[in-house]
J.: 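Questions regarding the structure given below will be posed in turn.
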Amino acid sequence: MFNMRFVSQDWVVSCALILLVSCTTYSSASLGKPENNIKTSVFKSPKIELGPGLVSNKFYFDVDFPRGHIALKSFNAELVDESGKSLPLQETYLHHWFIIKYQQPKNVTHNNPTDNIVYVRNSGFCQDGPLIQYFGLGSETRGTATDIPDPFGIEVGNPSDIPYGYDEKWLINVHPIDTRGVEDRLGCIECRCDLYNITKDADGNPLSPDYKGGLDCCPDNTTCRLNKGFKGPKRTLYLKYTVKWFSWDNYVVPLKIYILDVTDVLSVSKGVTPMHNCEVEYQVEPCSKGYSSSACIDVRKTSFPMQNGGYVIYGVGHQHVGAIASKLYGQDGGVICSSIPKYGTGSEVGNEGGYVVGMSTCYPRPGTIKIKDGETLTLEIIYSNSEMHSGVMGLFYILVAEQLPHQHLL
């Protein structure tokens with residue numbers, strides 16, 4: 001068992017208290033969600049076969065999903081075995097999953113799943129990169145709320161938004177890492193290049209000597225180094241995903257999805273639309289020797305204007321092991337939302353010691369937090385750097401309503 005307790009318990013507790021006080025949150029239940037109107041559908045991805053140390057990172061097109069003109073109310077997922085039993089993170093680490101909406105001509109066969117695809121992206125800034133999903137999380141997926149309060153919803157399946165002759169479809173990307181018998185479990189889940197014996201990227205270009213680990217070093221069908229002589233059986237697993245939804249009507253207030261990335265570097269040229277360069281992941285360098293664990297923190301910030309504002313209905317961060325907090329600020333310096341990681345303390349599923357098993361969420365009372373058109377937002381991501389962490393992420397999801405319910409019906 002490797003040591004993944006990178007920050008003192010006192011530091012985590014004190015930091016969490018400070019940050020949580022700065023953002024009043026409300027559960028979806030407190031907002032009066034009528035559960036009896038909501039339908040629940042449970043699906044499974046195509047089967048994933050893994051042996052000890054093996055990585056799968058595949059894209060599954062045209063997966064099962066509720067059809068019709070609907071309002072999405074939540075999307076949750078987890079890895080399960082053939083019998084439907086939940087898999088612990090110590091055995092199979094869920095690096096990430098995400099689901100993307102796309103449109104495709106009706107006559108395309110399953111033999112050509114990527115022909116003539118038109119991706120339907122979220123409203124976020126990183127439109128030229130991979131952050132175009134509607135939902136997506138990682139190891140924290142079981143312990144992170146995604147419920148959307150009434151009367152709000154994410155609209156999908158609107159016939160007027162689907163070109164003639166096209167169907168609306170969904171794809172899922174699942175990236176699990178089997179860590180049974182590996183030499184360095186933390187190194188494997190952080191995709192350290194030396195443990196995977198990777199020296200080139202997917203295009204065959206040599207990796208920079210400064211690139212110690214990340215997505216380039218744990219692609220599909222690679223194997224993390226095992227303890228000498230370790231043998232273990234292959235097994236079949238699935239991503240089980242649960243969707244809550246109901247049929248769309250005029251009383252539902254639509255939400256826009258924004259995914260913010262702390263690696264976003266804004267390029268601004270006179271007379272040209274600003275370009276967002278999102279690298280998605282980065283490396284946390286270790287602090288100098290002699291510092292206490294509570295003093296070893298890595299803080300990264302980025303700022304960008306939000307062209308079209310609205311009312312924040314939901315917010316959550318996405319971080320990896322070593323995370324301390326993520327915070328989103330408005331232009332006046334006030335906290336829009338703080339999202340704090342929860343670390344497991346045991347060995348059972350959902351409470352795996354040392355892993356991020358949940359992220360706190362923000363449910364501002366509708367109408368209390370408004371982002372103005374053109375307002376500059378600042379995203380702050382905090383990690384412990386008592387040791388190096390490779391391939392970490394600092395993402396932030398917010399759901400924004402352009403109108404409040406009483407305005408929507410006028």
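Keep in mind that what you see is a predicted model, and the values were worked out from it rather than measured.
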J.: Mind running salt bridge (charged side-chain N to carboxylate O under 4.0 Å, His left out) on R180 and E91 for me, showing each step along the way?
T.: CA-CA 5 Å; R180 290 174 295 162; E91 295 182 8; 5.6 Å; no
J.: Parallel, tilted or perpendicular, judged at 30° and 60°: which one describes the rings of F43 and Y241?
T.: tilted
J.: Begin with the C-alpha distance, continue with both residues' side-chain angles, and end with the deciding distance and a verdict on salt bridge (charged side-chain N to carboxylate O under 4.0 Å, His left out) for R142 and E352.
T.: CA-CA 11 Å; R142 293 187 187 105; E352 296 93 338; 3.4 Å; yes
J.: Given side chains that start at C-beta, do those of L171 and I99 come closer than 4.5 Å, heavy atoms only?
T.: no
J.: Does a side-chain N-to-carboxylate-O contact under 4.0 Å join K73 and D150?
T.: yes
J.: So do the side chains of Q90 and R185 get within less than 4.5 Å of each other, counting heavy atoms only?
T.: yes
J.: Are any of the side-chain heavy atoms of Q283 and M388 separated by less than 4.5 Å?
T.: yes
J.: Would you compute the distance between atom OG of S123 and atom OH of Y258 and round it to the nearest 0.5 angstrom?
T.: 5.0 Å
J.: Determine, for cysteines C193 and C217, whether their SG atoms are under 2.5 angstrom apart.
T.: yes
J.: Is it the case that the side chain of T302 and the backbone of D264 share a donor-acceptor pair, with hydrogens and angles ignored and the cut-off at 3.5 Å?
T.: yes
J.: Counting distance only, does the side-chain N/O of N122 pair as donor-acceptor with the main-chain N or O of L131 below 3.5 Å?
T.: yes
J.: Going by salt bridge (charged side-chain N to carboxylate O under 4.0 Å, His left out), name the residues that satisfy it together with E279, two or more places apart in sequence or in a different chain.
T.: none
J.: Is there a side-chain contact between Q103 and D167 in this structure, where contact means two heavy atoms from C-beta onward sitting under 4.5 Å apart?
T.: no
J.: Give a yes or no on whether the backbone of G84 and the side-chain of D81 come within a donor-acceptor separation of less than 3.5 Å.
T.: yes
J.: Is there a donor-acceptor contact under 3.5 Å from the side chain of T146 to the main chain of F75?
T.: yes
J.: Side-chain contact test, heavy atoms from C-beta onward, threshold under 4.5 Å: evaluate it for V174 versus L79 and give yes or no.
T.: yes
J.: What is the ring orientation for F98 with H96, classed by angle as parallel under 30°, tilted 30 to 60°, or perpendicular over 60°?
T.: parallel
J.: For the pair K101 and E168, find out whether any cationic side-chain nitrogen is under 4.0 Å from an anionic carboxylate oxygen.
T.: yes
J.: Evaluate the pair C126, C278 and indicate whether the two SG atoms are within a distance below 2.5 Å.
T.: yes
J.: I want to check something: taking the side chain as every heavy atom from C-beta on, are V182 and C188 in contact at a cut-off of under 4.5 Å?
T.: yes
J.: Would you call the rings of H389 and Y383 parallel, tilted or perpendicular if under 30° counts as parallel and over 60° as perpendicular?
T.: tilted
J.: May I ask you to decide if the ring planes of F304 and F125 are parallel, tilted or perpendicular, using 30° and 60° as cut-offs?
T.: tilted
J.: Would you please indicate if the ring centroids of F61 and W170 are separated by under 6.0 Å?
T.: no
J.: Apply side chain to side chain donor-acceptor pair (under 3.5 Å) to the pair T378 and S303, showing each step before the final yes or no.
T.: CA-CA 4 Å; T378 297; S303 297; 2.7 Å; yes
J.: Students often mix this up, so state it plainly: with edges at 30° and 60°, are the rings of H95 and H320 parallel, tilted or perpendicular?
T.: perpendicular
J.: Spell out, as yes or no, whether a donor-acceptor pair under 3.5 Å connects the side chain of N158 to the backbone of S160.
T.: yes
J.: Compare all side-chain heavy atoms of L399 with those of V312 and state whether any distance is below 4.5 angstrom.
T.: no
J.: Is any side-chain heavy atom of V357 closer than 4.5 Å to one of Y343?
T.: no
J.: Can you tell me if the gamma sulfurs of C287 and C296 sit closer than 2.5 Å?
T.: yes
J.: Answer yes if the side chains of Y166 and Q104 hold a donor-acceptor pair under 3.5 Å, and no otherwise.
T.: no
